[in-house]
Amino acid sequence: MVKKRENQDFVLSLLQERKGDAMYDGGKIIPGLVIFVGLMTYPIWSGNAGTTPKPVKPTGHEKCVKHKEFMRTSHMVLLNEWRDEVVRDGNREQIHIGDKVYDKSLQNGCMHCHTSKKKFCDECHNYTAVKPYCWECHIQPKETI
Amino acid sequence: MDKKRRDFLKIAGLSAIAGVAAPTALNTLFKGEVIASDHGGGHGAEPQGQGHAKIEVPTGKRFGMVIDVNKFHRYEGLAEKCTNACHSIHNVPKFTDPKVELKWIWKEPYEHAFTEHSHYKKNDELHNMPFMVMCNHCDAAPCVRVCPTQATFKNKDGMVLMDFHRCIGCRFCMAACPYGSRSFNWSDPRGKDKDGKPLIAKENTKFPTRTRGVVEKCNFCAERIAVGQEPACVEACGATKAMIFGDLNDAHSEISQVLKKQYTIQRKPALGTKPSVFYII
Ligand code: SF4
Ligand code: SF4
Ligand code: SF4
């Protein structure tokens, strides 16, 4: 107990001693820090977050199976649901949007409209640095370019 | 003092019994509920008790196959035609090394296909007959029981299917299957062979490939049945009717009619796996 008390006192005294001291090279360090933080946060405050992804939209199809905002954030959830329904429950009920019919399938559904993995999937996946392993088994459409 | 000790022993004994019995009693109580929610819960993918799949009693359909070996014997090349049809439609890569090859349906001699049957002094012709072997879509499938991830499961139509997404490549199912119906992807099926030729000669873009470390087998063409087509091998047999596919539980189906009239045998019936594939010899 006594020992602990002594230790605390020692640390406190050290802190108090340092308190009044000037910062060595403060004139360089502080502007340096400001510049560093400024540079690091540049994409945030400037609104320039690099080249934003521009996935190519399919032609001839106005509406996706879900609305754009949902697909942007949660298409993988939908794909997982489809997978379970089709593979496990054998529920292959097609989706009717307007006068168009879609299969619940990545390879035989989504990619029939979004005919280029490069110009659609990869655009955002590269930007957000995610590597989904769909294509290790599913066959991507032939890239035309 | 004496009395106290006896009381203590009694209480200790009773609590020990209660301690052992309570979990079992609670389990029995709750079991009904668990199974009920399983049925209502939609996805079969949810883990069930101890990671073992529950094998459902066939309700409704149970698909099966009758294979007429005489016809395969008579029509030369039919066996290869069936194998090619199946393997090309399902993107099964062609390895030449038998140690790593992948097979969904293939030809075996009588000795290999029917190991439980007597081979002693059988007629010469039998030994020359090509027996097409494939997954038996067993009614009491051991592969389903052992799969720790439920990647292998029994669907509502009695087909033993695989969800390749879930397969972790542990190969328990291969050890459990008494028929060797399953193959393992030792290397990338999209790779090339020694001569630089792709292992999958021409990809069927409607069906996925597999990846290294995944098990595969005949899926009774579940993806074709769902859209009203015949299994690819049955289609390849065409008018020869060397293979007949249908619902074993429907007394009026073609397969049931054939089974009623013809003498058929199954592979390793004594194991109790209840195969759904029958052979006319
Ligand atoms: S033949 Fe083998 S793989 Fe097929 S269901 Fe029976 S045990 Fe499973
Ligand atoms: S190898 Fe795949 S299918 Fe077979 S038991 Fe393991 S996880 Fe299941
Ligand atoms: S039923 Fe389909 S998957 Fe099975 S062997 Fe025949 S063609 Fe292949």
Side-chain angles (χ1 to χ4, degrees), chain A residues 58 60-61 65-66 70 74-97 100-122 125 130-145, chain B residues 38-46 53 56 60-61 63 90-91 93 144 147 149-167 185 188-191 198 200 202-214 216 219-229:
Chain A
H61 296 261
V65 290
K66 295 258 180 201
F70 175 87
S74 310
H75 57 283
M76 54 302 235
V77 177
L78 185 72
L79 285 172
N80 276 356
E81 278 173 11
W82 282 2
R83 176 197 64 199
D84 287 346
E85 283 169 19
V86 170
V87 177
R88 303 199 74 95
D89 308 336
N91 169 6
R92 287 179 166 81
E93 211 178 308
Q94 290 168 311
I95 295 167
H96 296 258
I97 305 283
K100 298 217 161 73
V101 187
Y102 302 95
D103 275 351
K104 289 193 286 195
S105 166
L106 170 68
Q107 199 175 317
N108 300 320
C110 307
M111 302 314 280
H112 280 186
C113 299
H114 304 282
T115 47
S116 169
K117 167 183 169 277
K118 261 195 203 122
K119 289 190 202 149
F120 189 73
C121 312
D122 290 353
H125 290 163
V130 289
K131 281 206 183 87
Y133 41 81
C134 314
W135 309 106
E136 285 176 21
C137 292
H138 290 285
I139 299 171
Q140 66 184 76
K142 281 245 147 38
E143 299 289 345
T144 40
I145 34 148
Chain B
D38 271 355
H39 278 290
H43 303 310
E46 281 136 26
E56 289 200 14
K61 287 182 183 154
F63 282 116
H90 294 116
N91 294 326
V144 174
C147 179
T149 62
Q150 293 185 33
T152 294
F153 64 100
K154 198 167 197 39
N155 85 348
K156 59 184 191 323
D157 296 337
M159 300 176 177
V160 175
L161 299 183
M162 280 201 61
D163 182 348
F164 299 120
H165 302 97
R166 291 182 77 94
C167 178
N185 283 280
D188 182 10
R190 290 191 180 179
I200 304 173
K202 190 176 179 299
E203 279 175 343
N204 171 15
T205 54
K206 288 229 177 302
F207 202 77
T209 67
R210 267 69 60 197
T211 172
R212 191 172 73 103
V214 169
E216 60 184 80
N219 68 350
F220 254 6
C221 286
E223 82 285 359
R224 292 169 59 92
I225 307 304
V227 295
Q229 288 172 311

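Numbers restart at 1 for each chain; the letters A, B, ... are given by sequence-line order, proteins then strands.
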Out of B:E203, B:R212, B:M162, which one racks up the most heavy-atom pairs below 4.5 Å with chain A? B:E203
In Å and rounded to the nearest 0.5 Å, what is the [atom1] to [atom2] distance from [X] to [Y]?
{"X": "A:D84", "Y": "B:R166", "atom1": "CG", "atom2": "CZ", "result": "7.5 Å"}
{"X": "A:H138", "Y": "B:F164", "atom1": "NE2", "atom2": "CZ", "result": "10.0 Å"}
{"X": "A:E136", "Y": "B:T209", "atom1": "CD", "atom2": "OG1", "result": "9.0 Å"}
{"X": "B:N155", "Y": "A:D89", "atom1": "CG", "atom2": "CG", "result": "9.5 Å"}
{"X": "B:R190", "Y": "A:I139", "atom1": "CZ", "atom2": "CD1", "result": "5.5 Å"}
{"X": "A:N108", "Y": "B:K206", "atom1": "CG", "atom2": "NZ", "result": "5.0 Å"}

At a 4.5 Å cut-off on heavy atoms, which part of [X] comes close to chain A: side chain, backbone, both, or neither?
{"X": "B:F207", "value": "backbone"}
{"X": "B:M159", "value": "neither"}
{"X": "B:D188", "value": "neither"}

Can you name the closest pair of heavy atoms from A:V87 and B:L161 and give their distance?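 Heavy-atom minimum between the residues: O-CD1, 4.4 Å.
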With a 4.5 Å cut-off on side-chain heavy atoms, are B:E223 and A:R92 touching? yes
Pick from A:K142, A:Q107, A:Q140 with the largest number of heavy-atom pairs that fall under 4.5 Å of chain B: A:Q107
